[in-house]
Amino acid sequence: IFLGNSFIGMYAKCGSLSEAREVFDSLPKHDIVSWSALIGGYSEHGPYQEALECLEEMQLQGFLPDTVAYVSALRACANGGFIEKGLELHDELVKKGNEGNPFLGNNLVGLYARCGSFSDAFKVIHMHSACDITAWNALITGLTEHAHFQQAIDCFKDIWRHGVSPDNITFACGLKACSGVGRVHEGFELHMHIISRGLEQDTLIGNTLVGMYSRNGLIPEALHTFDCLFNKDVVSWNALIAGYVEQDMVNEALQCLEQMQVEGILPDVATYVSMIKACSDIGLDDFGVRLHLQVSQIGLNKDLTIGNALINMYAKFGVLSQAQRVFDELPVHDPISWSALISGYGELGFVDGALVTYMKSQEESVSFD
RNA sequence: UAUGAUUUUUCUGGG
């Protein structure tokens with residue numbers, strides 16, 4: 001059963017929920033961990049509703065969920081936006097005497113922050129004694145993701161006043177808040193502060209700095225920060241490349257792609273997505289095709305984000321047959337894949353293709369926003 | 001000393 005649980009956990013973590021379910025169903029006996037691993041998978045990758053159903057189901061079968069199972073289910077609520085259900089679960093947990101568990105308070109703050117209920121998030125963080133730095137990090141992240149950049153920055157500064165010690169994740173969150181429109185000055189100040197604390201070589205913080213400058217089109221600053229990093233990983237390169245692509249500096253991006261491999265770092269999904277985007281942006285069709293070939297050789301043409309980028313690229317080049325082929329080779333589609341293909345047909349005046357594709361999407365009940 | 005939980009950097013369409 002331990003071995004079975006590891007398999008469930010492994011499949012659940014990489015999002016192969018049907019496989020996880022299969023292993024689960026094939027086990028003669030389950031324990032709390034089997035259920036929690038499965039719930040954890042559904043909470044992360046969906047369908048989120050399924051996580052909650054599992055929680056019910058395990059209780060029907062006589063298992064008493066522990067805090068791990070509950071916290072996983074709470075995460076499903078956060079990801080799926082089921083805020084009411086999340087509160088209900090939280091109440092159950094508190095009733096069972098779990099107030100002292102920091103996972104709980106942290107998770108609740110995360111739930112509120114992700115759903116945009118910031119006054120509630122603040123309330124919990126101020127009242128719940130068991131919140132730690134993780135809760136603050138979640139709050140800053142939530143504010144940033146809802147584009148409340150100044151509030152996120154203020155929150156970041158508040159941490160010191162509350163006597164909580166920031167960790168490297170906190171600094172990354174602060175920097176991300178400063179990456180929002182028009183806040184780079186604060187980001188620069190924070191950069192100086194980070195240097196004064198000797199934290200600029202931290203991989204997470206260093207990469208976040210490169211990303212902040214890069215996203216804001218401050219290429220010289222991004223490049224300088226990048227050059228100063230002792231240990232450049234694939235994320236560092238990706239952050240720089242994304243900046244170049246954004247500025248249409250495709251030659252520089254290309255040089256990065258070569259140089260990173262010279263230095264022994266393999267491009268990953270994010271690298272290829274940026275490069276494919278670069279090709280579609282400036283109409284570099286021959287290199288785009290070469291990239292398509294490359295990703296196919298390593299099986300990444302089945303990756304959703306890469307596939308979507310390729311569909312978009314071929315649609316822009318007017319090669320709908322190839323766009324369709326990439327689409328067909330994808331094991332799963334999301335609304336972005338569908339709309340990239342549909343608008344590709346539409347742009348070129350292939351009304352039939354657009355309509356047929358739209359009809360198919362409706363047969364699969366895809367919803368567009 | 002190896003089965004499960006909360007926060008974090010780079011990433012996809014159209015506008």
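For the numbers below, each heavy atom of this structure counts, side chains included, while hydrogens, waters and symmetry mates do not. A note on names: the letters A, B, ... follow the listed sequences, proteins ahead of strands, and every chain is numbered from 1. The model shown is predicted, which means the values in this text are computed figures rather than measured ones.
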With the side chain of [X] defined as its heavy atoms from C-beta on, choose the nearest nucleotide among [options].
X: A/Asn207; options: B/U9, B/U7, B/A5; value: B/U9
X: A/Ala270; options: B/C11, B/U7, B/G4; value: B/C11
X: A/Val71; options: B/U7, B/U6, B/G4; value: B/U6
X: A/Ala239; options: B/G13, B/U10, B/U9; value: B/U10
X: A/Ser72; options: B/U3, B/U10, B/A5; value: B/A5
X: A/Cys173; options: B/U7, B/U12, B/C11; value: B/U7
X: A/Ala242; options: B/U9, B/U6, B/C11; value: B/C11

Find the distance [X]:[atom1] to [N]:[atom2] and express it as a whole number of Å.
X: A/Ile306; N: B/G13; atom1: CD1; atom2: C1'; result: 15 Å
X: A/Asp202; N: B/U8; atom1: CG; atom2: P; result: 15 Å
X: A/Ile311; N: B/G13; atom1: CD1; atom2: P; result: 11 Å
X: A/Leu108; N: B/U7; atom1: CG; atom2: P; result: 13 Å
X: A/Leu143; N: B/U8; atom1: CG; atom2: C1'; result: 15 Å
X: A/Leu229; N: B/U10; atom1: CG; atom2: P; result: 14 Å
X: A/Leu204; N: B/U8; atom1: CG; atom2: P; result: 10 Å
X: A/Ile276; N: B/C11; atom1: CD1; atom2: P; result: 14 Å

Short side-chain N/O contact to [N] OP1/OP2 from [X], under 4.0 Å:
X: A/Arg114; N: B/U6; result: no
X: A/Lys316; N: B/G13; result: no
X: A/Lys176; N: B/U8; result: no
X: A/Arg215; N: B/U9; result: no
X: A/Asn312; N: B/G14; result: yes

For this session: Report the C-alpha separation of A/His30 and A/Phe63 in whole Å, then their side-chain angles, then the decisive distance to 0.1 Å, and conclude whether the ring-ring contact (aromatic ring centres under 6.0 Å, His included) test is met.
Result: CA-CA 9 Å; A/His30 303 127; A/Phe63 290 102; 7.5 Å; no
Exercise. Is the shortest side-chain N to carboxylate O distance from A/Glu189 to A/Arg183 below 4.0 Å?
Worked result: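 No salt bridge links A/Glu189 with A/Arg183.
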Exercise. Would A/Arg325 and A/Asp328 pass as an ion pair if we require N to O under 4.0 Å?
Worked result: no
Using a 4.0 Å heavy-atom cut-off across all strands, classify [X] as base, sugar-phosphate, or nothing.
X: A/Asn5; value: base
X: A/Val273; value: sugar-phosphate
X: A/Ser339; value: base
X: A/Ser36; value: base
X: A/Ile32; value: base
X: A/Ala340; value: sugar-phosphate
X: A/Asp233; value: nothing

For this session: State which residue, out of A/Leu199, A/Leu190, A/Ile169, fulfils the side-chain contact (heavy atoms from CB on, under 4.5 Å) condition with A/Ile205.
Result: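 Of the listed options, the one satisfying the test is A/Leu199.
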Problem set entry | Distance-only donor-acceptor test, A/Asn308 side-chain atoms vs B/U12 base atoms, 3.5 Å |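 Looking at the base of B/U12, it does pair with a donor or acceptor on the side chain of A/Asn308 (distance under 3.5 Å).
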With a 3.5 Å cut-off and sequence neighbours excluded, list the donor-acceptor pairs that the side chains of residues 232-243 of chain A form with protein atoms.
residue  : atom : partner  : partner atom : Å
A/Lys232 : NZ   : A/Leu229 : O            : 2.8
A/Asp233 : OD1  : A/Asn207 : ND2          : 3.2
A/Asp233 : OD1  : A/Val235 : N            : 3.1
A/Asp233 : OD1  : A/Ser236 : N            : 3.0
A/Asp233 : OD1  : A/Ser236 : OG           : 2.9
A/Ser236 : OG   : A/Asn207 : OD1          : 2.6
A/Ser236 : OG   : A/Asp233 : N            : 3.0
A/Ser236 : OG   : A/Asp233 : O            : 3.3
A/Asn238 : OD1  : A/Thr271 : OG1          : 2.6
A/Asn238 : ND2  : A/Val234 : O            : 3.3
A/Asn238 : ND2  : A/Asp268 : OD1          : 3.0

Exercise. Planes under 30° and centres closer than 5.5 Å, is that true for A/Phe103 with the base of B/A5?
Worked result: yes
Exercise. What pairs with A/His162 under ring pair (Phe, Tyr, Trp, His ring centres under 6.0 Å), at least two apart in sequence or on another chain?
Worked result: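 A/His162 satisfies ring pair (Phe, Tyr, Trp, His ring centres under 6.0 Å) with A/His126, A/Trp136 once adjacent residues are dropped.
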Problem set entry | Working for ring-ring contact (aromatic ring centres under 6.0 Å, His included), residues A/His146 and A/Phe118 | CA-CA 10 Å; A/His146 286 82; A/Phe118 298 110; 5.4 Å; yes
